[in-house]
J.: 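First the structure, which I've put down as structure tokens, then a few questions once you've had a look.
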Amino acid sequence: MRITRFAATFGALTMALAVAACGGGDSESGSSGGASGIVGKATNDKKLVIGVKADQPGLGLQTGSTYTGFDIEIGKIIAKGLGVEESGIEWKTTVSANREPYIQQGQVDLVVATYTINDERKKVVNFGGPYFIAGQDLLVPVDSTITGPEALKGKKVCSVSGSTPAKRIQTDYKDAQLQQFDSYSKCVTALAGGQVDAVTTDDIILAGYAAQEQYAGKFKVVGKPFSEEPYGIGLKKDDSEGCNKINEILKAAAADGSYKKAWDDSLGKSGTAAPELDTTKLANCA
Amino acid sequence: MSTDAVLYDHPGPRAKIRNAALTVVFGLVLLGLAYWVYAKFDEKGQWAGALWKPFTALSTWTDYILPGLGYTLGAAAVAMVLSLTFGIVFAVGRLSDHRWVRYPAGAVVEFFRAVPLLLLMFFIFFGVPFITEQPMSIFWAVVIGLTLYNGSVLAEAFRAGIHAVPRGQSEAAYALGMRKSQVMREVLVPQAARSMLPVIVSQMVVLVKDTALGYIISYSELLQMGVNNVAANFGNVVQAAIVVAAIFIVVNSILTALAGWLERRTRRSGRAPRTKGQPVPAGLVQTGEAAGD
Amino acid sequence: MDVFSDPYNVDVYVTGFLWILKLTAASTVGALVLGVLLAAMRVSPVPVLRGFGAAWVNVFRNTPLTLIIFFCYFGLFSTLGFSVSDEIDLNNYWLGVIGLSVYTAAFVCEAIRSGINTVPAGQAEAARAIGMSFRQTLTMIVLPQAGRAVVAPLGSIFIALSKNATIVGTIGLMESSNAMKELINANGDAVIPIFLVFAGTFAVVLIPAGYGFGWLANRLAVKR
């Protein structure tokens, strides 16, 4: 056993070197769909591991050992639809940078973590949803003159390293200076301190921060989204059965009011009316 | 040379006045600096009660800080045991008579000492699963990273320690007819371990601090729980970081004090080995590595 | 090697290591100067200075560097208003240099102090006997000899420093740990080659550096 494992590691290392030398390196490590997909796992084990954010008020916030927010509510709806009790859900904290690897390696079964569907990510994971359409926006002090992304020239913008919003600033708004941290709460603190002029990410994330008690009345969301961020539910690339099942569950949730309830129990608390879930867009499954 | 006594005479009247003047001036500068920092923090509202209040609530401690501390200490404890084992095994390996043991052991130790732990942890978590085709738990990624790095540093420390044991010890052991493995196991390693105690402890302090690097793979350690998550709930990043820093300082000071006590104990019992020339622990070999994060 | 045939990726890699190089260079100077000062304080006749040196060492040596760098941003910059440049990268770079310097200085101080301990007492006694002051004894007799004994530990401290420079990434500088993260995020299928290149770069530079310091230490060692 020890020898075989060593041999395997060694073999893999040499292989890695070979790969490094000649490129490529697609590993066919993913298990196949069907019974080993989430549908199979949910029916057999009655358990699901769901990756969520832990530091985003209103969406995915860890308070003690419990998680709260819109993403959490969506996660519960999906789990319920798959026949898993709430007690069978294991929440796992993910950050923007580790969602794909978590899914690919099976660290989590699903990711509901402000996870934007895009083509690049579709290459490696499968997306149910979108369950919400967000848009990149700016959070600025109430007295700020910044009115949109065009006004960012020479300004300092903060975002989370490795996130889509950070990349968009780097590529589309090169005149802005980008400050990156590992969490939005640090960005918001820097904004409060005046070290950065704006924080950028999806509007609903920003709204969650703006609504926090200690920042009440200090910040505003500019309100001119300059991108469309369809939030999806990530799962293994080859699990199309699970993906279709998720879309069915979402459709049912839109019809029976549980989607609206999920909103009202989290982000809706600040008074914003629940959005309509456009079920015609549930078509990202590979 | 004990520094305090030898570098300067007992102060005479003039020196006393000069020292007193220096004390006052430096003391005032420090106080001024402290006040300035205080005032600046005040100006920015960092002392505001609302930002500190969460720390008076029991739930903040039971929900975030204590679990975070638990995860930090848990990973540190496991990694300590493993890295000591790793260190001894590879130190002995590097001293082996067999080239096929010595060289690989040396390569492993040198490699892991040279790679930043941050990169190592990141790779263990995201890269190794591609090799083993099995998911890697965050906890073990942190522990393995800590073990490989600190174990390698300790291996070098032990090796130096073994070298520092007076040659008469091993000669006497061989003369008694012990085999090399016995000499190593029963004579050299125990003495080396004792003489390297200060180095081992400072490496343990490094190890505790290094668990904080687990943030890169979102391990729920003290920094993640006590700073990021607390701040996400209460918006008090700076205050949370101050509290967490204080906790780290206390934990590591306890560890250091414990080591001092242990060292005095072994010395008093008269069983600490006499090394030739200067004491190795003084840092000749490894205190520096202790700077490794 | 697919990943590194893309010039953008090569650029990310090179920029990352350039930051590490610059951070290491400036912080080495900073830590050395501060560390020598602190060591002098710790062996000085003035209790306040001794206490200050000891407190510095205890605080900075026992706090994770991640937190120290964090305080450089949110304490020094954010709250105390210390700022070097209006350019984010440059400012973060200097904040990182300060953090690395104050942290590493604690280790340098301790290494020098134990180096001082290796100088035989007779040397200082003889210096005092011919009427040298504390400063003269320290700078002309003890430190030059101690300096030779601390080459090896200082070497490992500075090697550690160059690795610790990766932690400045927490305040957003695109140094090599962030660079590696970015490349891995964009090329999830090439994790292993990317890691090997980054880790290999460190190893190729630092392992010989370690041996170099060892060789230097042997050459300079005071034979007693």
Side-chain angles (χ1 to χ4, degrees), chain A residues 5 8-13 15-16 19 25-31 49 51 53-57 60-66 68 92-98 100-108 161 181-190 192-194 208-209 212-216 218, chain B residues 40-41 43-46 48-51 53-54 57-68 71 104 111 122-123 125-138 141 213 215-221 223-225 227-241:
Chain A
R5 183 175 289 175
T9 315
F10 184 75
L13 267 177
M15 196 187 73
V19 166
D26 276 15
S27 71
E28 284 306 323
S29 58
S31 50
V49 184
K53 291 285 177 77
D55 60 353
Q56 281 174 9
L61 181 69
Q62 189 181 6
T63 307
S65 53
T66 57
T68 52
K92 206 166 203 174
T93 303
T94 60
V95 293
S96 296
N98 67 14
E100 286 95 71
Y102 265 50
I103 294 171
Q104 284 172 298
Q105 296 161 7
Q107 310 260 359
V108 294
S161 48
F181 284 119
D182 63 335
S183 74
Y184 287 115
S185 43
K186 286 179 187 159
C187 276
V188 176
T189 308
Y209 279 102
Q212 269 192 309
E213 206 181 321
Q214 67 277 7
Y215 297 128
K218 283 187 188 163
Chain B
K40 274 282 186 182
F41 269 71
E43 190 185 309
K44 302 264 175 179
Q46 300 285 20
L51 297 177
K53 199 157 170 260
L58 186 66
S59 62
T60 308
W61 291 84
T62 53
D63 283 354
Y64 308 100
I65 300 177
L66 295 180
Y71 285 124
F111 179 77
F122 195 76
F123 173 72
F125 188 66
F126 291 120
V128 169
F130 281 101
I131 302 175
T132 58
E133 304 206 342
Q134 263 168 18
M136 168 73 67
S137 88
I138 303 187
L213 297 181
Y215 85 88
I216 197 161
I217 52 176
S218 67
Y219 180 57
S220 311
E221 41 68 54
L223 270 194
Q224 190 77 37
M225 300 283 286
V227 180
N228 283 355
N229 288 2
V230 166
N233 280 278
F234 307 106
N236 52 356
V237 166
V238 177
Q239 291 69 21

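Below, chains carry the letters A, B, ... as their sequence lines are ordered, and counting in each starts from 1.
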J.: Picking from Val227(B), Val237(B), Val128(B), which has the most non-hydrogen pairs under 4.5 angstrom with chain A?
T.: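 Among the listed options, the one with the most contacts to chain A is Val237(B).
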J.: With no hydrogens and no angle check, just 3.5 Å: does a side-chain donor-acceptor pair link Tyr215(B) and Asn228(B)?
T.: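 No, no side-chain donor-acceptor contact under 3.5 Å.
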J.: Please name all residues satisfying ring pair (Phe, Tyr, Trp, His ring centres under 6.0 Å) with Phe123(B), sequence neighbours left out, ordered by chain then number.
T.: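 Applying ring pair (Phe, Tyr, Trp, His ring centres under 6.0 Å) to Phe123(B) gives Phe195(C).
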J.: Which residues pass the salt bridge (Lys or Arg N to Asp or Glu O under 4.0 Å) test with Asp182(A), sequence neighbours left out?
T.: Lys186(A)
J.: Specify which of Thr93(A), Thr189(A), Leu61(A) makes the most heavy-atom pairs with chain B at under 4.5 Å.
T.: Leu61(A)
J.: Do the rings of Tyr219(B) and Tyr71(B) sit parallel, tilted or perpendicular, given the 30° and 60° boundaries?
T.: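 Perpendicular.
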J.: Counting only heavy atoms closer than 4.5 Å, note whether Ala50(B) contacts chain A via side chain, backbone, both or neither.
T.: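 Ala50(B) has no heavy atom closer than 4.5 Å to chain A.
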J.: What part of Tyr215(A) gets within 4.5 angstrom of chain B, counting heavy atoms only: side chain, backbone, both, or neither?
T.: side chain
